[in-house]
Number of protein chains: 2
Amino acid sequence: MGTKGEGNRQRIVDAADSLFYRRGYNQTSFQDISDATGIPRGNFYYYFKTKDEILEAVVSSRITDLSTMLARCESEAEGARERLLLFTDMLEVNRDDVIKSGCPIGTLSSELAKDESTLQEKSRQAFILLRHWLKDQFSALGLENADDLSVDLLAKMQGVTVMACAFKDVDYIKRSHIEIKDWINSKTLN
Amino acid sequence: MGTKGEGNRQRIVDAADSLFYRRGYNQTSFQDISDATGIPRGNFYYYFKTKDEILEAVVSSRITDLSTMLARCESEAEGARERLLLFTDMLEVNRDDVIKSGCPIGTLSSELAKDESTLQEKSRQAFILLRHWLKDQFSALGLENADDLSVDLLAKMQGVTVMACAFKDVDYIKRSHIEIKDWINSKTLN
DNA sequence: GTCTATATGTAGATAGAC
DNA sequence: GTCTATCTACATATAGAC
């Protein structure tokens, strides 16, 4: 209920978001988040009961950010095809981060798949959001296999990020981005 | 030089290989490897100075295994196109592991990208081996952009594994495998 | 070569003063 | 609400007996 406390809570989530992305969830300690925020370790337990709860808040925050990004794609582009093309731009917009740390959603999903717990389900929610939005765009263009196309597009972008990150290759991202846009056009034009 | 020691060394590498794949490198402890092999923790330091050295040995072991797999592709298929198609079969051959833990090479590369150390370079060696072999196959078919096609194929397979693992979807692997083989044929036939 | 005991650091989590 | 001190567990790594 406190106003000051909610501000601190958000600062913890923001710092954890960045650290989970750059170092991984398991490799990020409370001390790391404390160093990044200036908030003492012990204080975290006033806002979150466990580290898992911080992860849940981070995933929720990422989903909110993604929703904002998708809304911007809708407002800045007229048709569904143009929105899909705009969506793929995030490959190049975030290319430096992609080269260094991969995709925030993809790498988190891969990391959490290795824990036997139910953590991966949480990270999957972000993929589901994208999958549904992309499917809606393909559906709006009258394509019957819209869900398959949606997952295919996500797989293309995930594959590019994994290889670009593995080989630290910026040019490869640019080339692949063009190929992906060509693929979208080939599926949605005519 | 001891013969018994080398046997134990290999048992450590084999157990670490499996654990690094299923739980991740950072999430695998010496105790885990000890439990899997029956070899006491302290004994590991007779064979490896650090945990990083175990990882190096695991990557070397994986590269050896991959080389064997590629040699089998060459012996079991006549032409380069058939060898490429046979290579992609590993998607379905290992589909249960892929669903559970992703790709051993891709997930290790993604995990090590998050450490600021030089560990990722080691894991990249496995990707380089595949990249060169695939390039040789495309080159043998007279294709000029053989290296690009090689990375494109690796990206396709990485993308499929990431999505299949995220959504735990076996059918998606089967469908994508067919699409990948169609893509290879479209590039190499005529 | 093999194993036990242990050193040293740090992880997540808790208790309780203020 | 905020912070310090601390608990317990477990990590990598080392020392040294056998």
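All values reported here derive from a predicted model rather than from experimental measurement. Below, chains carry the letters A, B, ... as their sequence lines are ordered, and counting in each starts from 1.
Note on residues 56-81 of chain B: pairs passing salt bridge (Lys or Arg N to Asp or Glu O under 4.0 Å), not counting sequence neighbours, are B:Asp17-B:Arg62. Residue pairs meeting the salt bridge (Lys or Arg N to Asp or Glu O under 4.0 Å) criterion with at least one partner in residues 88-99 of chain A, sequence neighbours excluded, are A:Glu92-A:Lys174.
Rounded to whole Å, the distance from CD on B:Gln31 to P on D:dA13 is 15 Å. The interatomic distance linking A:Arg23 (CZ) with C:dT10 (P) rounds to 13 Å, in whole Å. Following rounding to the nearest Å, B:Asp32 (CG) and D:dA9 (P) show an atom-to-atom distance of 18 Å. What separates CG of B:Asn26 from P of C:dA11 is a distance of 13 Å, to the nearest Å. The nearest whole Å value for the distance from the CD1 atom in B:Ile33 to the C1' atom in D:dA13 is 14 Å. In this structure, B:Leu119 atom CG and D:dT12 atom P are separated by 13 Å, rounded to whole Å. In this entry the distance linking OH of A:Tyr46 with C1' of D:dT2 reads 9 Å, nearest Å.
When each of C:dG1, D:dC3, C:dT4 is scored by its nearest atom to the side-chain atoms of A:Pro40, the top-ranked nucleotide is D:dC3. For A:Asn8, counting side-chain heavy atoms from C-beta on, the closest listed nucleotide (D:dA11, C:dA11, D:dT2) is D:dT2.
Residues that satisfy the ring pair (Phe, Tyr, Trp, His ring centres under 6.0 Å) test with B:Phe30, not counting sequence neighbours, are B:Phe44, B:Tyr45. By the salt bridge (charged side-chain N to carboxylate O under 4.0 Å, His left out) test, A:Glu82 is found to be paired with no residue, residues two or more places apart in sequence or in another chain being considered. With sequence neighbours left out, the side chain to side chain donor-acceptor pair (under 3.5 Å) criterion links A:Ser18 to A:Arg22. Applying the side chain to side chain donor-acceptor pair (under 3.5 Å) test to A:Lys181 and every residue at least two apart in sequence or in another chain returns nothing. Remark: B:Arg124 engages no residue in a side chain to side chain donor-acceptor pair (under 3.5 Å) (not counting sequence neighbours).
A donor-acceptor contact closer than 3.5 angstrom links the side chains of B:Asp32 and B:Ser29.
In this structure, B:Thr28 reaches the sugar-phosphate backbone alone: every heavy-atom distance under 4.0 Å involves primed, P, OP1 or OP2 atoms, never a base.
Axis angle across the helix from C:dG1-D:dC18 to C:dC18-D:dG1, with five pairs used at each end and values rounded to 10°: 10°.
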(request) Would you give a per-nucleotide map of nucleotides 13-18 of chain C, 5' to 3', where B means the base has a protein non-hydrogen atom under 4.0 Å away, S means only the sugar-phosphate does, and - means neither? (result) BB----
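The pair A:Asp152-B:Arg175 meets the salt-bridge criterion, with a side-chain N (NZ, NE, NH1 or NH2) lying under 4.0 Å from an Asp/Glu carboxylate O.
Taking 4.0 angstrom as the limit, B:Ser29 places none of its side-chain polar atoms (N or O) nearer than this to OP1 or OP2 of D:dC10.
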